There are 2 protein chains.
Amino acid sequence: MEAEWLDDVEMAAWLRLVAVVELLPGVLDTQMRAAAGLTHFEYQAMAMLSEAPERTLRMSGLATRTNATLPRLSHVVRRLQERGLVERFPCPEDGRVTNVRLTDAGFAEIVAAAPGHVETVRHSVFDPLTREQVAQLRDIGEAILSRIDPDGRMTVLYDPERASEGRTQAAGE
Amino acid sequence: MEAEWLDDVEMAAWLRLVAVVELLPGVLDTQMRAAAGLTHFEYQAMAMLSEAPERTLRMSGLATRTNATLPRLSHVVRRLQERGLVERFPCPEDGRVTNVRLTDAGFAEIVAAAPGHVETVRHSVFDPLTREQVAQLRDIGEAILSRIDPDGRMTVLYDPERASEGRTQAAGE
DNA sequence: GCCGCGTGCTTGACGTGACAACTGACTGCG
DNA sequence: CGCAGTCAGTTGTCACGTCAAGCACGCGGC
C-alpha cells in the first residue's frame with residue numbers, strides 16, 4: 001500500500017491546503033462576528049437571499065445554495081427571524097414549502113457588512129496572489145469540486161443554466 | 001466602497017474556494033469515521049504524535065501542530081485516552097506540562113487508517129490535478145497562509161528550523 | 001522559605017451542528 | 001373520495017467546540 005504515498009510536492013501542497021481549510025473559516029467567522037454580529041454562515045445565507053428574486057427562496061433552495069442540511073438551516077433561519085432579519089411564510093402554491101424572505105432590516109445589515117467582508121477576503125486571499133495565481137486557483141478549485149461535489153450543488157451559484165433549481169415557484173419566473 | 005469589489009475571475013475563484021473549504025472537511029471526516037471511527041481531527045492529532053520523537057508531545061506543542069485551542073485538545077485527548085489510544089503523564093522536568101504519548105494500540109490504529117486516508121486525499125484532491133497544478137496549489141497555499149497564519153503556527157510542520165518549538169523537553173534533544 | 005505573579009493545562013457551562021423521529025401537505029391509485 | 005407513499009420542514013437529543021474560570025506548578029523578590 002506504500003506504493004501510492006504522497007510525494008514531496010503533493011505533501012507540501014496537502015499540508016498547506018489542510019492549513020488553509022482549517023484556518024480560513026475561523027478568519028471569516030471572526031471578522032463577521034466582530035463587524036456585524038453574524039456568523040459567516042448567516043451572512044452567506046442572507047447574501048444568497050439578497051441576490052434572489054423578491055429576496056425570497058424556499059428553505060430547500062437556500063439549503064442547497066449554502067451547502068447546509070435542512071435541520072441546520074431551520075435553526076439558523078429561526079434565529080434570524082427572531083432578530084427580524086428574515087421572515088418566513090408558507091408558499092401559497094405548495095403548503096409544504098416555507099419561503100424565506102430577507103427583510104429590509106436584513107438587507108441593510110448585509111449591505112453594511114459586505115464591504116468589511118470583501119476587505120477581509122481581499123486581504124486574506126487575493127492580495128498575496130498574482131493575477132495568474134487567481135486564475136489557477138479558480139481552475140484548481142473547479143477540478144477538486146468535480147470530485148467532492150459531483151452533483152454541483154454549490155455550483156448552482158455560477159451556472160445560470162441550473163439556477164432555477166430550488167427557486168421558489170412564487171418568486172421565480 | 002464599491003471601488004474594490006471582486007472582479008469576475010476573483011469571484012469565480014472565491015466561490016470555488018469557499019465551496020472547497022466547506023465541503024472538504026466533511027469528506028475527510030466522513031471517510032475517517034466510517035473507516036476508523038475517528039474524527040479527522042483525532043487522526044491528525046495522532047498522526048502528529050506518531051511522527052514525534054518517542055511518539056510524545058506536550059499538550060501545547062500538539063495544539064500548535066493541529067491548530068487547536070488548548071481546551072479543545074484537552075477534551076479530545078481525554079476521549080482518546082479513554083479509548084486507550086494515547087496516554088497522558090506529567091513531564092518530569094516541569095510539573096505544569098502534561099506529555100501525551102501515542103500508545104501501541106493508537107499507533108496501530110493510525111497505521112491501519114492511513115492508507116484509506118491517503119486514498120481519499122488522492123481521489124478528492126490530487127487525481128483531478130495535473131502535476132503543474134499541484135505545484136501551483138502549494139505556492140498558492142503558501143501565499144494565503146502568509147496572511148492567515150503569519151506566525152507560521154501550522155508551518156512548524158514543514159519548517160525543520162522551527163521544529164523544536166513546543167516539543168517536550170524529555171522527548172526532544 | 002514564603003509570597004505574588006505568570007504559565008500550562010483542566011474543568012464546567014453554554015451555543016451550535018448532526019442525526020433521527022415526527023408532523024403536515026401533495027400525489028397517485030383504487 | 002379515501003388511503004398509501006413521498007416530500008418539505010420542524011423539533012428533540014446528543015456530541016463537539018468555545019469561552020471563562022479555576023487549579024497546580026515554577027520563578028522571581030524580600
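Model, not experiment: these values are computed from the prediction. A note on names: the letters A, B, ... follow the listed sequences, proteins ahead of strands, and every chain is numbered from 1.
Interface limits on DNA chain C: the 5'-most and 3'-most nucleotides within less than 4.0 Å of chain B heavy atoms are C:dG6 to C:dG12. Along DNA chain D, read 5' to 3', the first and last nucleotides having any atom under 4.0 Å from a heavy atom of chain B are D:dC16 to D:dG26.
For the side chain to side chain contact (heavy atoms under 4.5 Å, CB included) test, residues two or more places apart in sequence or in another chain that qualify with B:P128 are A:A143, A:S146, A:R147. Residues forming a side chain to side chain contact (heavy atoms under 4.5 Å, CB included) with A:V27 (at least two apart in sequence, or on another chain): A:T120, A:S124, B:I148. In this structure, A:R79 has no side chain to side chain donor-acceptor pair (under 3.5 Å) partners at least two apart in sequence or on a different chain. B:D127 meets the side chain to side chain donor-acceptor pair (under 3.5 Å) test with no other residue; sequence neighbours excluded. Shown here are the side chain to side chain contact (heavy atoms under 4.5 Å, CB included) partners of B:T39, two or more places apart in sequence or in another chain: B:D29, B:R33, B:F41, B:E42. A search for side chain to side chain donor-acceptor pair (under 3.5 Å) contacts involving A:R83 returns nothing, not counting sequence neighbours. Under the rule for a side chain to side chain donor-acceptor pair (under 3.5 Å), the partners of A:R101 that lie at least two apart in sequence or sit in another chain are A:E87.
Within residues 75-88 of chain A, the residues that have a heavy atom under 4.0 Å from DNA chain D are, in order of number, A:H75, A:R88.
Looking only at distances, no side-chain donor or acceptor of B:T98 sits under 3.5 Å from a matching main-chain atom of B:R88.
Salt-bridge formation is detected for the pair A:R78/A:E82: a Lys NZ or Arg NE/NH1/NH2 atom is positioned less than 4.0 Å from an Asp or Glu carboxylate oxygen. Between B:D8 and A:R138 there is no salt bridge, since no side-chain N of the basic residue sits under 4.0 Å from a carboxylate O of the acidic one.
Going from atom CD1 of B:I140 over to atom CG of B:L145 covers 12.0 Å, rounded to the nearest 0.5 Å.
Place A:P71 and A:R96 on DNA chain D by their nearest nucleotides, and A:R96 ends up nearer the 5' end. Nearest-nucleotide positions on DNA chain C place B:L70 closer to the 5' end than the other of B:L70 and A:G95.
Within the structure, the salt bridge (charged side-chain N to carboxylate O under 4.0 Å, His left out) test picks out the following pairs touching residues 108-123 of chain B (sequence neighbours left out): A:E10-B:R122.
When every heavy atom of B:A47 is checked against every heavy atom of B:I110, the shortest pair comes out as N-CD1, 3.8 Å.
Using five terminal pairs a side, the axes of the helix from C:dG1-D:dC30 to C:dG30-D:dC1 at its two ends make an angle of 0°, given in steps of 10 degrees.
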